S.K.: 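Provided herewith is a single structure, encoded as structure tokens, for subsequent inquiry.
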Amino acid sequence: MARALELAAHGLTSTQPNPRVGCVFVRDGRIVAEGWHEHAGGPHAEVMALARAVDTVAGATAYVTLEPCNHHGKTPPCSEALINAGVVRVVYAVADPNPLVNGSGARRLREAGIQVQAGLLEEAATELNAGFIKRMRHGRPLVRLKLAMSLDGRTALSDGRSKWISSEAARQDVQYWRARSSAVLTGIGTVLADDPMLSVRNPATSVRQPLRVILDRDLRTPPAARLFDGAVSEGVWIFTASSDRSRSAALAARGARLERTDGDLAQVLTRLGSAGVNELLVEAGATLAGAFVAQQCVDELLLYVAPMMLGDRARGLLNLPEPLSLAQARRFAIFESVAVGADLRIRLRVEG
């Protein structure tokens with residue numbers, strides 16, 4: 001199963017909106033086939049492994065990181081492929097919460113006389129597909145808020161200069177997180193101040209670009225903004241409260257999809273979830289980032305800490321109201337801490 005999880009990770013940047021899945025067939029104590037789901041619309045992990053088998057899988061055990069599907073989508077059911085292949089046992093790490101599966105895959109295998117076991121390395125398999133699982137259970141993507149700060153919690157000098165607080169290694173690391181995300185979201189303030197592309201610029205990652213999402217209440221996004229440029233413009237959604245027809249037409253001509261919103265972040269996340277967004281990376285300024293935290297819309301903080309101090313007049317990390325007491329402070333639990341170049345990358349989740 002550890003090998004199956006390793007294979008599943010090959011699809012980390014390419015399977016959106018599908019889950020990342022790996023599969024290994026073992027017979028007589030040796031691996032006879034292995035594969036992973038490479039991209040949406042392509043063969044699932046079980047079928048890929050069967051196509052690459054170096055020996056018959058009849059009588060084998062299949063180790064799969066996610067419960068085999070049991071429905072016709074863009075591909076036939078994997079449960080039937082396993083039955084037809086003659087496997088005698090299927091072990092999967094975590095149940096598939098997709099309502100089209102959700103236990104029916106395991107049930108179909110058992111009905112065919114195949115021994116089925118679940119829960120092996122479940123925690124690791126759940127982590128690999130945390131965004132997909134959250135979307136299937138709650139209709140929203142996993143929200144990862146990326147932040148970069150100095151040791152004293154500052155993001156820029158008092159005049160707004162911030163290039164570069166984090167190291168080159170840290171900025172390259174962010175490219176990896178963009179590549180594995182279904183969408184990258186920012187606010188109009190960042191668009192006007194930095195004119196970001198919000199694209200993946202690391203050639204080592206998949207060529208798939210994430211959806212770009214802009215929160216722009218008054219529709220101030222310039223049609224000439226770089227996020228619309230050339231090959232990187234594979235999808236831009238703008239959430240707005242404006243009904244300005246001329247601005248809407250100009251942005252639509254650049255390929256933008258305009259979505260009406262009253263500023264409710266939960267509503268935005270639900271719409272993105274319905275569009276198949278599994279993991280959302282938020283790269284925003286202190287006001288929007290603070291709103292995500294204040295409205296309890298953040299699942300994970302991706303925090304880069306640079307070994308420098310900027311002083312008490314420099315700009316702070318988040319705009320948040322002060323709690324009435326320390327007991328009411330919003331708390332996070334650290335679950336990963338890694339050195340990235342000269343900086344420290346810390347991942348945190350809401351406590352509990």
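Since the structure is predicted, the reported quantities are computational estimates derived from the model, not experimental observations.
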S.K.: Any sub-3.5 Å donor-acceptor pair from E279's side-chain atoms to G131's backbone N or O?
M.R.: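 Side chain of E279 to backbone of G131, a donor-acceptor pair under 3.5 Å: no, none is there.
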S.K.: Flag yes if V305 and V298 sit in one hydrophobic cluster, no otherwise; membership is Ile, Leu, Val, Met, Phe, Trp, Tyr, and two members link when side-chain heavy atoms are under 4.5 Å apart.
M.R.: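 Linked, V305 and V298 end up in one cluster.
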S.K.: Mind checking whether L269 and L215 sit in one hydrophobic cluster, side chains of I, L, V, M, F, W, Y counted as touching below 4.5 Å?
M.R.: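 Yes, L269 and L215 fall within the same hydrophobic cluster.
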S.K.: So, using ring-ring contact (aromatic ring centres under 6.0 Å, His included) as the criterion, who are the partners of H138 when residues are at least two apart?
M.R.: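 With sequence neighbours excluded, H138 shows a ring-ring contact (aromatic ring centres under 6.0 Å, His included) to no residue whatsoever.
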S.K.: Taking R201's backbone N and O only, do any of them form a donor-acceptor pair with S199's side chain (distance below 3.5 Å, no angle check)?
M.R.: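 No, S199 side chain to R201 backbone: no donor-acceptor pair under 3.5 Å.
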S.K.: Can you give me the closest heavy-atom contact between A124 and L5, atom names plus distance?
M.R.: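 Shortest heavy-atom separation between A124 and L5 comes out as CB-CD1, 3.8 Å.
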S.K.: More than 12 heavy atoms of other residues, nucleotides or ligands under 6.0 Å from CD of E111: is that the case?
M.R.: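 Enclosed.
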S.K.: Have R135 and N278 got a donor and an acceptor in their side chains that come within less than 3.5 Å?
M.R.: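 A pair is found: one side chain offers a donor N or O, the other an acceptor, under 3.5 Å apart.
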S.K.: Quick one: side chain to side chain donor-acceptor pair (under 3.5 Å) pairs with a partner in residues 304-316, sequence neighbours left out?
M.R.: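 Listed by first then second residue: D173-Y304.
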S.K.: Should L147 and L317 count as side-chain neighbours, where that means a heavy-atom distance under 4.5 Å?
M.R.: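 Yes, their side chains come closer than 4.5 Å.
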S.K.: Return the minimal non-hydrogen interatomic distance between A33 and V57, and the atom names on each side.
M.R.: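 Between these two residues, the closest heavy atoms are CB-CG1, 4.2 Å.
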S.K.: May I ask you to decide if T15's main-chain N or O and H37's side chain share a donor-acceptor pair within less than 3.5 Å?
M.R.: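 No, because the side chain of H37 does not come within donor-acceptor range (under 3.5 Å) of the backbone of T15.
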S.K.: Working to the nearest 0.5 Å, report the span between CG of L100 and CE of M136.
M.R.: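 Output value for this atom pair is 8.0 Å.
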S.K.: Quick check on side chain to side chain contact (heavy atoms under 4.5 Å, CB included): which of L185, L198, T240 does I214 satisfy it with?
M.R.: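 Among L185, L198, T240, the one that satisfies the side chain to side chain contact (heavy atoms under 4.5 Å, CB included) with I214 is L198.
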S.K.: Locate the shortest heavy-atom distance separating A49 from G35; write the atom from each residue and the value.
M.R.: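 Shortest heavy-atom contact: CB-N, 3.5 Å.
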S.K.: If you define the side chain from C-beta out and look only at heavy atoms, does anything of I83 sit under 4.5 Å from L109?
M.R.: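 They are in side-chain contact.
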S.K.: Would a hydrophobic clustering, with Ile, Leu, Val, Met, Phe, Trp and Tyr connected at side-chain separations under 4.5 Å, put V174 with Y176?
M.R.: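 Yes; tracing contacts between hydrophobic side chains, which count when under 4.5 Å, links both residues.
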S.K.: In Å and rounded to the nearest 0.5 Å, what is the OG to CZ distance from S166 to R345?
M.R.: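 Atom-to-atom, S166:OG and R345:CZ are 13.0 Å apart.
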S.K.: Quick one: are L227 and M197 in side-chain contact, heavy atoms under 4.5 Å?
M.R.: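 L227 vs M197: side chains apart.
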S.K.: What closest approach, in Å, do S167 and V340 show between heavy atoms, and which atom pair accounts for it?
M.R.: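 It is OG-O, 3.8 Å.
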S.K.: Among V21, N18, D96, L142, find the residue that satisfies the side chain to side chain contact (heavy atoms under 4.5 Å, CB included) test when tested with F132.
M.R.: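 Answer to the side chain to side chain contact (heavy atoms under 4.5 Å, CB included) test with F132 among V21, N18, D96, L142: D96.
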S.K.: Take D216 and T221, measure what side chain to side chain donor-acceptor pair (under 3.5 Å) needs, and give me the verdict at the end.
M.R.: CA-CA 7 Å; D216 180 5; T221 301; 2.7 Å; yes
S.K.: State whether the side chain of T190 and the backbone N or O of T186 hold a donor-acceptor pair below 3.5 Å, judged by distance alone.
M.R.: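 Flag not set: sc T190 to bb T186 has no pair under 3.5 Å.
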S.K.: Can you name the residues that form a salt bridge (Lys or Arg N to Asp or Glu O under 4.0 Å) with E259, not counting sequence neighbours?
M.R.: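 Scan of E259 (salt bridge (Lys or Arg N to Asp or Glu O under 4.0 Å), adjacent residues dropped) gives R257, R271.
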S.K.: Indicate if F335 and L344 have the same hydrophobic cluster label, given that clusters are the connected sets of ILVMFWY residues with side-chain heavy-atom separations under 4.5 angstrom.
M.R.: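 In one cluster: no.
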S.K.: I'd like to check the side-chain hydrogen bond (donor to acceptor under 3.5 Å, both in side chains) partners of K146; sequence neighbours left out, ordered by chain and number.
M.R.: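 Here no residue qualifies.
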S.K.: Output all residues satisfying salt bridge (Lys or Arg N to Asp or Glu O under 4.0 Å) with D244, sequence neighbours left out; order by chain, then residue number.
M.R.: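 For D244, the residues satisfying salt bridge (Lys or Arg N to Asp or Glu O under 4.0 Å) (neighbours in sequence not counted) are R247.
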S.K.: Quick one: CD on Q209 to OG1 on T13, what's the gap to the nearest 0.5 Å?
M.R.: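 Separation between the atoms: 10.5 Å.
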S.K.: Salt bridge check, R330 against E322: does any charged N sit closer than 4.0 Å to a carboxylate O?
M.R.: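 No, E322 and R330 are not salt-bridged.
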S.K.: Hey, is E38 close enough to R52 for a salt bridge, meaning N to O under 4.0 Å?
M.R.: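 Looking at E38 and R52, the cut-off is met.
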S.K.: For the CD atom of Q267 and the CZ atom of R140, what is their distance to the nearest 0.5 Å?
M.R.: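 It comes to 10.5 Å.
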S.K.: Would you check if L211 and L272 make a side-chain contact, meaning some heavy-atom pair closer than 4.5 Å?
M.R.: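 Yes, close enough: below the 4.5 Å cut-off.
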S.K.: Would you list the pairs meeting side chain to side chain donor-acceptor pair (under 3.5 Å) in which at least one residue belongs to residues 148-158, sequence neighbours left out?
M.R.: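 Applying side chain to side chain donor-acceptor pair (under 3.5 Å) to every pair that reaches into residues 148-158, excluding sequence neighbours, yields S150-D152.
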S.K.: List the atom pairs, with distances to 0.1 Å, where a side-chain N or O of residues 282-292 and a protein N or O form a donor-acceptor pair under 3.5 Å, not counting sequence neighbours.
M.R.:
from: E283; atom 1: OE1; to: R178; atom 2: NH2; distance (Å): 3.0
from: E283; atom 1: OE2; to: R178; atom 2: NE; distance (Å): 2.8
from: T287; atom 1: OG1; to: N319; atom 2: ND2; distance (Å): 2.8

S.K.: Pick one: which of L82, L66, V87 meets side chain to side chain contact (heavy atoms under 4.5 Å, CB included) with E46?
M.R.: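 Passing option: L82.
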S.K.: Are the side chains of M1 and V64 in touch, meaning some heavy atoms are under 4.5 Å apart?
M.R.: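 Not in contact.
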S.K.: For the pair N129 (side chain) and R20 (backbone), establish whether a donor and an acceptor sit closer than 3.5 Å, ignoring hydrogens and angles.
M.R.: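 Yes; judged by distance alone, with no hydrogens or angles, the pair exists.
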S.K.: Using the test salt bridge (Lys or Arg N to Asp or Glu O under 4.0 Å), find all partners of D195 that sit at least two apart in sequence or belong to another chain.
M.R.: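 D195 satisfies salt bridge (Lys or Arg N to Asp or Glu O under 4.0 Å) with R226 only.
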S.K.: Suppose we screen for side-chain hydrogen bond (donor to acceptor under 3.5 Å, both in side chains). Which residues come up paired with R107, at least two apart in sequence or across chains?
M.R.: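 If we apply the side-chain hydrogen bond (donor to acceptor under 3.5 Å, both in side chains) test to R107, skipping adjacent residues, there are no hits.
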S.K.: For a 4.5 angstrom cut-off between non-hydrogen side-chain atoms, does E34 reach C23?
M.R.: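 When only atoms from C-beta onward are counted, C23 and E34 do not touch, as no gap falls below 4.5 Å.
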S.K.: Taking atom types as modelled, is there a side-chain donor on S242 or D218 under 3.5 Å from an acceptor on the other?
M.R.: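 No, no side-chain donor-acceptor contact under 3.5 Å.
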S.K.: If I compare all heavy atoms of E67 with all of G105, which pair ends up nearest, and what's the gap?
M.R.: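 Taking every non-hydrogen atom into account, OE2-N, 3.1 Å.
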S.K.: Is there a side-chain contact between I114 and V88, using heavy atoms and a 4.5 Å cut-off?
M.R.: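 Side chain of I114 against side chain of V88, heavy atoms only: no contact under 4.5 Å found.
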S.K.: Please find the pair of heavy atoms, one from P17 and one from G276, that lie closest to each other, and give the distance.
M.R.: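 For P17 versus G276, the nearest heavy atoms are CB-O, 3.2 Å.
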S.K.: Look only at the side chain of T65 and the backbone of A93, and say whether a donor-acceptor pair between them is shorter than 3.5 Å.
M.R.: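 It does not hold such a pair.
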S.K.: Can you check whether P323's main-chain N or O pairs, donor with acceptor, with Q328's side chain at less than 3.5 Å?
M.R.: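 A pair under 3.5 Å: no.
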S.K.: What's the spacing between L145 CG and L281 CG if we round to 0.5 Å?
M.R.: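 Here the rounded value is 8.5 Å.
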S.K.: Under the salt bridge (Lys or Arg N to Asp or Glu O under 4.0 Å) rule, collect the residues that match up with E300, sequence neighbours excluded.
M.R.: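 By the salt bridge (Lys or Arg N to Asp or Glu O under 4.0 Å) rule, E300 matches R144, R347, R349.
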S.K.: When you compare the side chain of V94 with that of L128, does any pair of heavy atoms fall below 4.5 Å?
M.R.: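 Not in contact.
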S.K.: Could you identify which residues cluster with M308, counting Ile, Leu, Val, Met, Phe, Trp and Tyr as linked when any side-chain heavy atoms lie under 4.5 Å apart, either directly or through a chain of such contacts?
M.R.: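 Same cluster as M308: L157, I165, L310.
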S.K.: Would V143 end up clustered with V277 when hydrophobic side chains under 4.5 Å apart are linked, directly or stepwise?
M.R.: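 Linked within one cluster.
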S.K.: Would you find more than 12 non-hydrogen atoms of other residues, nucleotides or ligands less than 6.0 Å from R217 atom CZ?
M.R.: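 It does not: R217 CZ has 12 such atoms or fewer within range.
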S.K.: Tell me which pairs pass ring-ring contact (aromatic ring centres under 6.0 Å, His included) where either residue lies in residues 6-30, with sequence neighbours left out.
M.R.: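 Of all non-adjacent pairs touching residues 6-30, those that pass ring-ring contact (aromatic ring centres under 6.0 Å, His included) are H10-W36.
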S.K.: Between atom CZ of F332 and atom CD1 of I346, what is the distance when rounded to the nearest 0.5 Å?
M.R.: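 Here the rounded value is 13.0 Å.
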